2 protein chains.
Amino acid sequence: MSTAEETAGGETQAWGEVTPDAARRLLVAAVEAFAERGYHATTTRDIAGRAGMSPAALYIHYKTKEELLHRISRIGHEKALEILRTASRREGTASERLADAVGSFVRWHAGGRTTARVVQYELDSLGPDARAEILALRRQCDAEVRGIIEDGIASGEFDVLDVKGTTLAVLSLCIDVARWFSLEGRWTPDEIGALYADLVLRMVGAAK
Amino acid sequence: MSTAEETAGGETQAWGEVTPDAARRLLVAAVEAFAERGYHATTTRDIAGRAGMSPAALYIHYKTKEELLHRISRIGHEKALEILRTASRREGTASERLADAVGSFVRWHAGGRTTARVVQYELDSLGPDARAEILALRRQCDAEVRGIIEDGIASGEFDVLDVKGTTLAVLSLCIDVARWFSLEGRWTPDEIGALYADLVLRMVGAAK
DNA sequence: GGGCAGCCTAAGCGCTCGCTCAGCTTCGGC
DNA sequence: GCCGAAGCTGAGCGAGCGCTTAGGCTGCCC
């Protein structure tokens, strides 16, 4: 799963829930364009062109350009939250669950960095209502990670000075992967996931 | 120095080297506008307006809107590199130097997050030549941090599995502060600097 | 086979963008 | 007191933007 979804176009399958087909093609085209040049530098003509349609076709499926970003952002955040939830609620020690959460979260940011870049860095381009909705999802992500860290402290596995600060730093570290990661670089998503899981366990003072 | 330079307008003094006065006012206005809305969403009319001038005045001091971003980016990266160099070359153990580097680098990103946000996140809006120049400065930042970590390994202070990966993670953690930090939040730049210095020492396995 | 959704395009509207230019004011040197 | 340079403005150009509209082409139900 982790090394399967690759080069920009290859992340398509993640959007299988979006119908009809033309709407999905437009959404995938928008993700690629937003990731490459940013929301404001992307034109609706460019999105429609990538999807093989005329500029007007976009407005049959989406009311505005911002609605595209909103849809992308919500689906992406729901996926991110699902990843963290799955890791948080599995069986195992807090160390195992934290390593799982960080590893899979980082793999998602690295392997699907086209999507992740849009999801994590174009939040400010949304209007107030849409942004508020997305921020609620982000707070849930934060709560999942903080929960694991608190479990680890309670069980004596972790040694943490500032729970909220450390939670923030762990999520920040994972999210920033979307900024710098490149498949042409020296690491695979799996390698970065493993490296980061180790680094985070060190950050929370997990006994080795 | 760390808690002195504050609210968006208050970072002005950092641009003292820019002359004449009107050019500096335009540059400061551009930093604020780019940080708030991003490079592509900012208009030259907005920049000129913030500086109290007509749109045409901008082009007396700068050839294009991109030249403004380029100048901001270079000055900002030079400042960042200077901060890391100073910490790297001082007296002390590798642990002390790494804590100093991370602490002051994070304080700069938090306290001057308006500038830092532009410097760290608008790189892709530069043209190829300008981007190449800035990337060279970033590689020097990377080398400074990697140098400290390698010193710590050589002296036996640090226990690190992947030097390049850990260096990247440390810088990534610091840089991402510019994305989420807010002066209205629960931390001061000094507090975040201290917290992050501790977290990074844990990441490199520094003996406590 | 006629009617009607659903999906799409060509054309283009109104607007704002980055940027230019002719001309005005200010001011130091002589 | 005149001059040229420096700094700035008002007006506006050409281009490209997000988005709309009128109309055509399917394919499916009766």
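From a predicted model like this one, the values you see are computed outputs, not experimental measurements. Order of the sequence lines fixes the chain letters, A, B, ..., with proteins taken first and strands second; residue numbering starts at 1 for each chain.
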Do the side-chain N or O atoms of [X] get closer than 4.0 angstrom to the phosphate oxygens (OP1, OP2) of [N]?
X     : N      : value
B:Y59 : C:dT20 : no
A:R45 : D:dC17 : yes
A:H61 : C:dC8  : yes

Residues [X], [Y]: salt bridge by 4.0 Å N-O rule:
X      : Y      : answer
B:R90  : B:E96  : yes
B:R138 : B:D142 : no
A:R89  : A:E144 : yes
A:D21  : A:R24  : yes
A:D124 : B:R37  : no

Return the value, rounded to whole Å, for the distance between atom [atom1] of [X] and atom [atom2] of [N].
X     : N      : atom1 : atom2 : value
B:L68 : C:dG18 : CG    : P     : 11 Å
B:L26 : C:dC19 : CG    : P     : 14 Å
A:R25 : C:dC7  : CZ    : P     : 12 Å
B:I47 : C:dC17 : CD1   : P     : 11 Å
A:I60 : C:dA10 : CD1   : C1'   : 13 Å
B:L58 : C:dC19 : CG    : P     : 9 Å
B:D21 : D:dG7  : CG    : C1'   : 12 Å
A:Y39 : D:dC17 : OH    : C1'   : 12 Å

Mind grabbing the angle between the end helix axes of the helix from C:dG1-D:dC30 to C:dC30-D:dG1? Five pairs an end, 10° rounding.
10°
Look for any protein N or O under 3.5 Å of an N or O in nucleotides 23-27 of chain D and output each such pair with its distance, or none.
none

Taking only the side-chain heavy atoms of [X] (C-beta and beyond), determine which of [options] contains the nearest atom.
X     : options               : result
A:A56 : D:dT20, D:dC8, C:dC19 : D:dT20
B:K65 : D:dG18, C:dC8, C:dG18 : C:dG18
B:T43 : C:dG18, D:dC17, D:dT9 : C:dG18
B:T44 : C:dC19, D:dG7, D:dC8  : C:dC19

B:V177/B:F105 under side-chain contact (heavy atoms from CB on, under 4.5 Å): CA gap, chis, key distance, verdict:
CA-CA 10 Å; B:V177 168; B:F105 198 51; over 6 Å; no
Report the residue from B:K65, B:K63, B:R71 that forms a side-chain hydrogen bond (donor to acceptor under 3.5 Å, both in side chains) with B:E67.
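Among B:K65, B:K63, B:R71, the one that satisfies the side-chain hydrogen bond (donor to acceptor under 3.5 Å, both in side chains) with B:E67 is B:R71.
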Which part of the nucleic acid, if any, lies within contact of A:S54, taking any heavy atom under 4.0 Å across all strands shown: a base, the sugar-phosphate backbone alone, or nothing?
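Contact class for A:S54: base.
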Which is it for B:E133 and B:H70 under the side chain to side chain donor-acceptor pair (under 3.5 Å) test, yes or no, and what are the steps along the way?
CA-CA 10 Å; B:E133 183 199 329; B:H70 185 190; 2.9 Å; yes
Does the plane of the ring in B:W187 sit parallel, tilted or perpendicular to the ring in B:W180? Use 30° and 60° as the thresholds.
perpendicular
B:R97 side chain vs B:S88 backbone, donor-acceptor pair below 3.5 Å:
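Side chain of B:R97 to backbone of B:S88: a pair is present.
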